[in-house]
Amino acid sequence: MADVRRLEAAARNRGEATVYQAWERFARGEDDLRGVRPEVAISWHRCRDQFRVDPLLTEAPVAVAEVDQALERDVVIAELGFRAAALAHEVNAGGGIVTITDASGRVLAQWGDPATRTVAAEANLAPWFCWSEGATGTNGMGTALMSYAPVVIRGAEHWCQAFHEWNCAGVAIRDVVTRESVAVLNISCWRGDLPGAAGAWLSNAATMTQRILRRRAQDDGAQLMAAFNEARARSSAALAAVDPSGRVVLADDTASVLLGIPGSTPAPDPAVRWKPELPEFIQASVYAAKLATRNHDWLGSTQIFTRLAAEPMPISFRPVFLSGHLLGNLVTFGTSEGVPLPRSGEDGAQRAQPHRMVATRENRMVLLRLPEVSFAQSDGNDVWLSTDQGRLRSASPGLDKLETELGDAGFLRVHRQYVVNLSRIREVERRFKGELFLVMDDQEQTMVPVSRRNTPAVRRALAI
């Protein structure tokens, strides 16, 4: 047994040396990432090329970013505080510490081994300091905020050399409606291995907290439906109730036709809410929700192209609150009330269209031109790209994010697991019961299924 432990330690030391050598090369400006895990390599690229974090940084900066005070945040922090305190005894026994951060990476609370907390304080791993990737480089807390899955960052995988003696594991809790990060639960150990059960502890904490958020979101959906019914009784205008992510909880028959979704079909559960076939409508709804969160008296309007009209139609947003908590917006079609929202192209913060996609092959980053990508397929938390260079893993953490980035670049969501490049469709096959399959022009001529919900959008996009 002693010989086995020595062999395992030697293998671990060789692996750490390989990562450190890659870190030295990459910090010098080289792009040789042999021996580095893909998720860490992607994080290093962000730290060096996007955030420009100094790899010789020795301590975290004071947190200055403020995040919106949403009810979900308070619920999550309270739940994570309870679970972190319960973990503290187990983690303390192994010389570790447990931390909670908010969505900006600001440490809110900390528990665990007093000696380790003293060492952590020297690097400002303590409340009110910021551990986002943009502030402190690759680390368990900041990298978890950028990921849809739990992350483990060991030793030299940290971007800043001063933190190479730490091992940490973190998991982000995400809003079940908007999918935005709300908080992170993290375990850190100095000069020691993480507890063997760390991954299970974090996953369980995330699952239980997400379950609470899901129940709250269902209650919010029911309240939003009640507000819809009350407004519907006062007006005959086409009406829809949408959540803060732009998904529809309930729409009357007229609004449903305009949005391309089933009419008068309630969907309080966030997992099954209806996604309109109008990206411009979703963008406006998300923007309206953000404005309403900051100003509870806000009312707004804009114009969008609907499925049936050659001219843009005015729509108005009226936020719905419960005890100061935004449930969503009631959207009235054919009216203009409140402050006009900026139209597409007028908003200075409008995102630029991507020209490339980033993928990984073994331990290398691959930069792809959009025409090289035939389709993207989700597999759990991973997204795989079918490309002219073969099957590659996307750097994007989820298909929803990829859909948002590429929605105006000739890509279309055709199924919950697929986003396709419309220019790479070779044939369309119609099955006996009316199901559509897209034959792509990749090497395998893959047949991509089209869901019934997305069939109208595919027909319009292909003019069939």
Would you call the rings of Trp44 and Trp159 parallel, tilted or perpendicular if under 30° counts as parallel and over 60° as perpendicular?
tilted
**Prompt:** Can you find a side-chain donor-acceptor pair between Asp252 and Thr254 that sits under 3.5 Å?
**Reply:** no
Subject >> Verdict with supporting geometry, Arg391 and Asp442, salt bridge (charged side-chain N to carboxylate O under 4.0 Å, His left out) >> reply: CA-CA 10 Å; Arg391 192 167 184 259; Asp442 58 330; over 6 Å; no
Exercise for the section: Side-chain contact test, heavy atoms from C-beta onward, threshold under 4.5 Å: evaluate it for Asn329 versus Ser285 and give yes or no. Expected result: no
Carboxylate-amine/guanidinium contact Arg179 Asp400, below 4.0 Å: no
Open item on the list: Is there a side-chain contact between Leu406 and Leu370 in this structure, where contact means two heavy atoms from C-beta onward sitting under 4.5 Å apart?
Closed with: yes
For the residue pair Glu133 and Ser43, confirm or rule out a side-chain donor-acceptor distance under 3.5 Å. yes
Is it true that atom CZ of Arg318 has more than 12 heavy atoms of other residues, nucleotides or ligands lying nearer than 6.0 Å? no
### Query
So, Glu230 and Arg234, do they make that salt bridge, N to O below 4.0 Å?
yes
> Are the side chains of Arg393 and Glu39 in touch, meaning some heavy atoms are under 4.5 Å apart?
Replying inline: yes
Query raised in the report: Which word best sums up how the rings of Tyr418 and His415 line up, parallel for under 30°, tilted for 30 to 60°, or perpendicular for over 60°?
Result: perpendicular
>> Any non-hydrogen side-chain atom of Phe281 less than 4.5 Å from a side-chain atom of Val242?
In response: yes
Closest heavy-atom pair, Met141 versus Val184, reported as atoms and distance to 0.1 Å, is O-CG2, 3.8 Å
- Message: Go through it in stages, so that I can follow the logic: the residues are Val286 and Lys290, the test is side-chain contact (heavy atoms from CB on, under 4.5 Å), and I'd like the CA-CA distance, side-chain angles, deciding distance and then a yes or no.
- Response: CA-CA 6 Å; Val286 171; Lys290 290 180 179 179; 4.0 Å; yes
| Counting only heavy atoms not in Arg430, do more than 12 fall under 6.0 Å of its CZ? | no
